[in-house]
Structures are given as C-alpha cells and as structure tokens.
Amino acid sequence: MDYLTRDPIDVGRLLGVVTDDGRGGTVVFLGSVRRGAEDGPVAAIDYDAYEEMAGSEFDRIIAEARERWPGAGFAAQHRLGEVPRGEPSIAVVAAAGHRAEAFEACRWVIDEAKHRLPIWKKERFDDGSERWREE
Amino acid sequence: MDYLTRDPIDVGRLLGVVTDDGRGGTVVFLGSVRRGAEDGPVAAIDYDAYEEMAGSEFDRIIAEARERWPGAGFAAQHRLGEVPRGEPSIAVVAAAGHRAEAFEACRWVIDEAKHRLPIWKKERFDDGSERWREE
Amino acid sequence: MHSRDGRAAATATITVHCRFFARYADALGRDEMALEMPDGATVADAVGRLRDTLPKADLLPERPLAAVNREHAAPDTPLADGDEMALLPPLAGG
Amino acid sequence: MHSRDGRAAATATITVHCRFFARYADALGRDEMALEMPDGATVADAVGRLRDTLPKADLLPERPLAAVNREHAAPDTPLADGDEMALLPPLAGG
C-alpha cells in the first residue's frame, strides 16, 4: 500500500496489512485535523509534500522500526491535499506479540514521521483565509 | 454502546463514538487471539465473564479515565463467547487533544481492563482439547 | 415464642448469595449457592466456611479474588444480608 | 581547444537541481531552478549562493533544513553534478 494517499484513510485496510495470528497486540494512531480554537475555526488543512522524498522517508522509518521490533508488523499512511476538519491526516498501525511492544513501536513511528516527513500544512479557516502552519 | 458483545468487534463504530474535531490524536488498542505456539495451535478462545460485574467494572474504569484525562473521549468493548484465532477480543479507543495524552490514556485503560475485568478464557486447541488459561 | 425466635434468628444470621466462575465453577460443579453466615461475617469468613463445608472446596485458594455486589472486595469486607459474593479465579480478560 | 575548454568546465563546475517547497516556494515565487556551483560545493555553499543571488532569498534562513537526492542532509553535505537539493521549511506533517 502507498504511504501517501489523496483519499480518506481506510483504517480497516491498514489493519488488514498487519493482521497475523502471532501478533496479539495491535496499536493504531490516528492524527486528525482539529478545529484549532486559538486562531479561529479551521475548516480544513491542505497538506503539501515533497512527494518523491516523503514516500521513501516513510519507507525508511518503517524499515528502521522493523529492525527495532523484529517480528512486528507495520502499516502507515499520510493523506495529502485537502483534509476536512475532524478527518484523519495520518495513520500508523503497529502489531506485535504483546501490547507493550505494540504501543512503543506505534509511538516511535508516529514521532519519527512527525520529525522526518517532508510534509507541510496550510490551514484554511472558516472565513476563507489561509496560512502555512509550522509547529 | 455496550462494553460487552458477542459479535465481532467493529472498530469503525468505536471510533465513531470518540470522534470530535477538538481531539487531534486517537489511539486504538486491539488485543487479538494468538495462535500461541507454546502449547500447540490455539483455534479459538472462549471468553467467559461475570457479565453483570464486567459491564459495570468497565464503566468504572472509563469513568476514572475521564477524570484523569478531562476532555478525552473513550470507547471500549470486550467480546465474549468464542473468538477465533486472529480476531480481536478487546478494543480500547482513546481520543485526546494531542497524541501523548491519547497514548497514555489508551494504555492506562487496557492495563486496568486486564487487571480488573472479571473475564476468563478457555483455550481451544486445534486438536479439540481445551484448557482454562490464567495469566 | 415462635415469633420471637424468628426475629432473633433474622438479626443473628445473614444469607449471602455465592457465585462461582470459570475454573472454580468447574471444580465445585456448581455456579451458585445460598450461604448462611452469622451477622458481621466477612468475605474471608465466608470463604473459610465454603472451604470447610463444600465437597472439593479445597480447590478454592484460602484468599481467592472476590467481589461483593459486583465490585472487587478485600477479604475483610463485611457482608450484609442479601449480598452477592462472587469468587473469581485469576482474571484473564483482554 | 573548444573541446579542452568544455572538458575543463565540466570538471570545474556542477549543476544542482534546486527545489523549494511550501512557504519557501511561495516566498521565492518558484519551486525549482538549476544552480551552477564549483565542484566541491556543499549544501551550505549552495544555500549561501541562493541567498546572495535570488530576489527575496533573504526569506530563506541561513541554515534551512535540506535534503539531497531525497534524503535529509546536513549543511556540510558535499554536492555532486546532477544532485537534487531541496530546501524544506520546518516540517509539519501528521
């Protein structure tokens, strides 16, 4: 499955990738577009990426995760383009023998993804204005 | 939604319960029936519960979680009866403003559930034998 | 006289509804029973009585996990007339 | 002589394909350009050249996050002819 998609994220499909009857614990992280009270209501976020790099960087992150948690299964996807408020922009699934590993592995992948993926977001507010958001 | 079910767990429905556009991070834990290599292949686990107590204990756990993580949303379900190998027997969803809280809250609920829910499991092996499994 | 005795008995003893689950139910061959105990008895007292009187009740540990009225309860929890006391094998949910 | 000059020029300079994203692309009004640099130049050298020559390039920080050939690269990373060097605003995925 591609790491980048312009369609809504299908969690069921991602779960299907990692399901294995040797893996008793599965952890899913979903990051969604918040209404963002500080600067007025965010209607949507437009995600822009250096696509050729983002795909291969996500692949490197997952490859590193597989080395750190051998036997674990991983699936991940970042949505690009306009993501409406309340919908997920990123999903990470980690499945492992037991829950402690699954939690650690999922947390590690989402943290790395946030730090390493060349992806940017432009917030679109309810009033029609927009702004690059850097965190 | 009931905390106990005899049907397959529907993760999408649980996610629907906690979705809120103020909550940017959602973590799902799924615990599934492992094949369990140590004692031969497990075909299924039959989950038995003190149902009247399990439902109210799960409710107490979630109420405590809401106090610890105000503003977070929670949904959880334990499947009872026969759960085939590879299918989830328990799901916990925690949604919060940011991912650190969502990870902590989800982990806390699943740990409490494992320690407090009056539920037992009888393993059924591929050869037809069965055994109470206490961990 | 009959009425006085009846009243005295009602204050002096309580009836506890016992429930057994999973491996304990299998071991005892039953999943519930009524147990008469003196007023003021605790969970530990009721477990001791069951271990002394039920066939095969030595399969119960001396201090099993217990619940009273559907909440986890320590061995020193006092019982009242009409309480539901459940004995719980080691929990294995999830 | 023409051929000797051509060969000499090819060893002395490299062409780097620069790409700009998000806020940097908006600020510069472009998302790519070819940049000639002396052989042996680093990412930091190329960024310095862009800041000196491009209109509005002072909107680029002195040490922006950069990638070479689609991998994150430190400022001292050497560039080779044909490399793709991307300048990345602070990342905000997820």
Side-chain angles (χ1 to χ4, degrees), chain A residues 3-5 9 28-34 36 42 45-61 63-64 76-81 83 87-92 106-124 130-135, chain D residues 14-35 42-44 46-47 50-51 54-94:
Chain A
Y3 290 112
L4 306 177
T5 177
I9 290 174
V28 182
F29 175 78
L30 296 173
S32 303
V33 174
R34 302 174 70 201
V42 171
I45 290 181
D46 195 18
Y47 283 91
D48 187 22
Y50 179 8
E51 294 197 35
E52 305 91 325
M53 177 177 166
S56 54
E57 189 69 19
F58 223 154
D59 199 41
R60 285 189 284 268
I61 292 169
E64 290 170 35
Q77 214 160 37
H78 200 303
R79 185 171 167 189
L80 300 180
V83 181
E87 294 190 17
S89 54
I90 191 167
V92 172
C106 183
R107 181 68 194 267
W108 186 86
V109 171
I110 181 63
D111 286 352
E112 293 295 307
K114 292 244 178 194
H115 285 113
R116 292 167 53 178
L117 295 183
I119 295 180
W120 301 276
K121 54 190 181 197
K122 189 178 266 177
E123 291 177 331
R124 293 205 177 132
E130 50 183 47
R131 188 186 61 182
W132 290 109
R133 171 82 177 209
E134 295 173 357
E135 299 179 302
Chain D
I14 58 174
T15 301
V16 176
H17 179 210
C18 300
R19 297 184 65 179
F20 312 112
F21 291 92
R23 193 163 52 74
Y24 295 168
D26 285 358
L28 299 174
R30 64 204 303 170
D31 58 11
E32 60 177 344
M33 64 174 285
L35 179 69
T42 64
V43 166
V47 170
L50 290 170
R51 283 169 47 92
L54 272 186
K56 296 199 197 167
D58 53 331
L59 296 169
L60 291 177
E62 272 184 60
R63 291 169 59 112
L65 203 57
V68 174
N69 298 334
R70 302 168 185 182
E71 295 203 37
H72 288 292
D76 61 356
T77 304
L79 294 166
D81 190 52
D83 277 356
E84 177 172 292
M85 181 185 80
L87 301 187
L88 314 176
L91 305 184

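We use all heavy atoms of the structure for the numbers below, so side chains are in, but hydrogens, waters and symmetry mates are not. Letters go in sequence order (proteins before strands), and every chain restarts at 1.
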Q. Taking D:Ala22, D:Ala86, D:Gly93 one by one, which has the highest count of heavy-atom pairs under 4.5 Å against chain A?
A. D:Ala22

Q. Does some side-chain heavy atom of D:Glu84 sit less than 4.5 Å from a side-chain heavy atom of A:Met53?
A.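 SC-SC contact between A:Met53 and D:Glu84 ruled out.
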
Q: Kindly indicate whether the side chain of A:Glu57, heavy atoms from C-beta on, has any atom under 4.5 Å from the side chain of D:Leu91.
A: no

Q. Nearest heavy-atom pair of D:Phe21 and A:Ala49: which atoms, and what distance?
A. CE2-O, 4.0 Å

Q: Please name the pair of heavy atoms, one in A:Ser89 and one in D:Gly94, separated by the smallest distance, quoted to 0.1 Å.
A: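 A:Ser89 and D:Gly94 have their closest heavy atoms at OG-O, 3.2 Å.
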
Q) How long is the span from the CD atom in D:Glu71 to the CZ atom in A:Arg116, to the nearest 0.5 Å? A)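 The CZ atom of A:Arg116 is 9.5 Å from CD of D:Glu71, to the nearest 0.5 Å.
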
Counting only non-hydrogen atoms closer than 4.5 Å, does [X] touch chain D with its backbone (N, CA, C, O), its side chain (CB onward), both, or neither?
X: A:Ala54; value: neither
X: A:Tyr50; value: both
X: A:Glu52; value: both

Q: State whether the number of non-hydrogen atoms from other residues, nucleotides or ligands found under 6.0 Å of A:Arg60 atom CZ is greater than 12.
A: yes

Q: Please indicate whether A:His115 has more than 12 foreign heavy atoms, meaning atoms of other residues, nucleotides or ligands, lying under 6.0 Å from its NE2.
A: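 Check fails, neighbour count at 12 or below.
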
Q. Among A:Arg133, A:Glu134, A:Arg131, which residue meets the side chain to side chain contact (heavy atoms under 4.5 Å, CB included) test with D:Arg23?
A.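 Among the candidates, only A:Glu134 passes.
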
(Q) Tell me whether A:Trp120 contacts the main-chain N or O of D:Pro89 through its side chain, where contact means a donor paired with an acceptor under 3.5 Å. (A) yes

